[in-house]
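Below is one structure, written out as structure tokens, with a few remarks after it.
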Amino acid sequence: KNSMGRLPNETPKEQRIQLTKMGASAAAILSTQIQDHLSPAENAAELLKHFVESHERSLSAPDIATINFAVSILTLDPTDSAAVPSGLQQTADKTNGETKDEEDEEVKEWLRADFTRLAHSSTTDRHDMRAKMKKVGLGLVAGKKLANIMGTRSADDAALPFECPESEQKAIMDCLKGVGEWNWDIFALKKASHHRELQVLGWHFMQYWQLITNLNVDPQAMQKWLRFVQSQYNETEYHSLTHASDVLQAVFFMLTKAGVEKYLSELEIFALLVAVMVHDLGHDGMNNNFHKNAKTDRALTHNDVSIQENHHIMTVFTHMHKNKDINILAGFDAAQTAEIRRIIIAVVLATDMSKHFVFMKDFQNLIEKKGQSVEEWHDSTDIIMQAVMHICDISNPARPRDLAIAWTDRCLAEFFRQGDLEKSMGLVVSPQCNRDTTSRAASQIGFIKFIVHPSYTVLSALLPEVEAKCLVELNKNLEYWTEQAEIEKRSKGTNSMPGTPSQTKSAKGGNVADSPTPDRGGESKGKEANGSQTANGSQKTASQT
């Protein structure tokens, strides 16, 4: 080629045509090698590795070193767009003329909106992509293990955080048997404790590690704090007191059965448990995108950044600062208090789903680097706590099927309430929030394939018990929802969208939106949220449990 980069006697126009033909051919070959579940950066790294392996004899040592350096950069500190799986990326020419599945595209749009910082200009234009602007002593917990699971404890080992009749106490303690198992049922405890499930679990888990005694926490302050936390949860369809309790129990499983406790100090376990209990405090059943689009008080207060998560944190610390009776940190010195507050903030902010892909990539890289050695993780325990919190927060599809279905219907009911409000306010309806178009089965398939399954797979590399218990249930549920999706497609000829909570009958009879809890929990009809969201983000007082 000459100095202009063209072949002799070739005009710029001819060169462009030739390069276009070559590019189209190369793109067609390349498309067969792209793995849909990997991000663009991961795909590029895999292609470069394969290139080195297949051309190792013809490449010079400097060439190999250069390519290996590029691979290391691609797998280091990815940007949000680079970390998102290719299957969720938006490209105008990816279909190659094939007809897209509109339900599948809507699910992907929801996943992009809630779990990434990639957004659309509108829900109808699915091809335009816009970038959304965006330590105190460590060590093992030694000598504090009373049992591997709560099921081995008796009613005499720990008192309840409140007084109640002996018959009620017995019913509660019966429910706590096997509370360290993955298939444990939160709805049974909700009924037995008369909607005080978070108080019961919070108290018992603190007692399990003897944290109240060992860390000099005032027992009365802890009891009052637990009552306060319960009072601040609204009766939303999903982000409720019961959800927080369910996540807390999942974290307890990870700490005990899965073995996370060996990586953490007592102070860190205490801070983690507190963070889990308040991680959705005051949630109004609307997501961050709603608050941002509606310009609510919460959005304006927190500058559109992790709006709900910052609200939860602000609520608990503001009340603890004003009311000394519920200040459970009063017995700690200044350094310990600062460390506990720092951990709580970091852990709760990790539940912002828009940070999902970048966070999980960072966590995966650390696991590959450090392995399962406790010593290797001594300087990285923050990310372990954040990962446990975040992954347990999306644990519903990995639970036994009856529980998974119950939580699915609760979640969609809350989504649809937001969608109805968005319609009434003249806002664009958020993905998966339109009760007229959302597919119940497709929403779960996309959520599992792109979010939940990859997350639990990553965690299982650090905690093998996750693969033995959680991934087994998750795979079963994915198979179930795939079957349900086929049933939905076959019934497309009906007048309404099949499979949504507003039309689907529960096993107990009646609409699942009215009866979202599973039979095994023994709970009667679920309650609708009593609060109504207004345009400025305030909410009328909701009935408290």
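Positions are given from 1, in the same order as the sequence printed here.
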field: Atom pair NE2 (His195) and NZ (Lys191), whose distance is rounded to the nearest 0.5 Å
entry: 10.0 Å
message: Measuring from atom CD of Glu237 to atom CH2 of Trp407, what distance do you get when rounded to the nearest 0.5 angstrom?
response: 12.0 Å
Without swapping roles, check the side chain of [X] against the backbone of [Y] for a donor-acceptor pair under 3.5 Å.
| X | Y | value |
| --- | --- | --- |
| Asn323 | His319 | no |
| Asp280 | His283 | no |
| Gln336 | Asp333 | yes |
| Arg341 | Ala338 | no |
| Asn293 | Asn289 | yes |
| Asn396 | Ala404 | no |
| Gln249 | Val179 | yes |

- prompt: Could you walk me through whether Asp352 and His390 pass the side chain to side chain donor-acceptor pair (under 3.5 Å) check?
  reply: CA-CA 8 Å; Asp352 182 346; His390 173 55; over 6 Å; no
If we only count heavy atoms from C-beta on, is the [X] to [Y] side-chain gap below 4.5 Å?
| X | Y | answer |
| --- | --- | --- |
| Leu226 | Met277 | yes |
| Phe416 | Val429 | no |
| Leu281 | Tyr233 | yes |

message: Quick test of your reading of the model: are Arg440 and Glu488 salt-bridged, counting only N-O distances below 4.0 Å?
response: no
field: Lys370 and Asp379 ion-paired at < 4.0 Å
entry: yes
For the residue pair [X] and [Y], categorise the inter-ring angle as parallel (less than 30°), tilted (30 to 60°) or perpendicular (more than 60°).
| X | Y | result |
| --- | --- | --- |
| Phe252 | Trp209 | perpendicular |
| Phe359 | Phe363 | parallel |
| Trp110 | Phe447 | tilted |

- request: Establish, for the pair Arg399 and Trp182, whether the NZ or CZ atom is under 6.0 angstrom from the six-membered ring centre and no further than 45 degrees off its axis.
  value: yes
query: Taking the six-membered ring of Phe162 as reference, does the NZ or CZ atom of Arg227 fall below 6.0 Å from its centre and within a 45° cone about the axis?
result: no
query: Is it the case that more than 12 heavy atoms not belonging to Gln220 sit under 6.0 Å from its CD atom?
result: no
field: Heavy atoms of other groups near Lys324 NZ, more than 12 under 6.0 Å
entry: yes
Under a 3.5 Å cutoff, is there a donor and acceptor pairing between the side chains of [X] and [Y]?
| X | Y | result |
| --- | --- | --- |
| Thr242 | Glu197 | yes |
| Ser430 | Gln418 | yes |
| Asn234 | His239 | no |
| Glu309 | Asn288 | yes |

Side chain to side chain donor-acceptor pair (under 3.5 Å) between Gln199 and Ser193, intermediate numbers included: CA-CA 9 Å; Gln199 290 190 58; Ser193 65; over 6 Å; no
- prompt: Quick one: are the ring centres of Phe357 and Phe450 less than 6.0 Å apart?
  reply: no
- request: Go through the steps for His279 and His312 under the test ring pair (Phe, Tyr, Trp, His ring centres under 6.0 Å), then give the verdict.
  value: CA-CA 6 Å; His279 84 274; His312 308 324; 7.4 Å; no
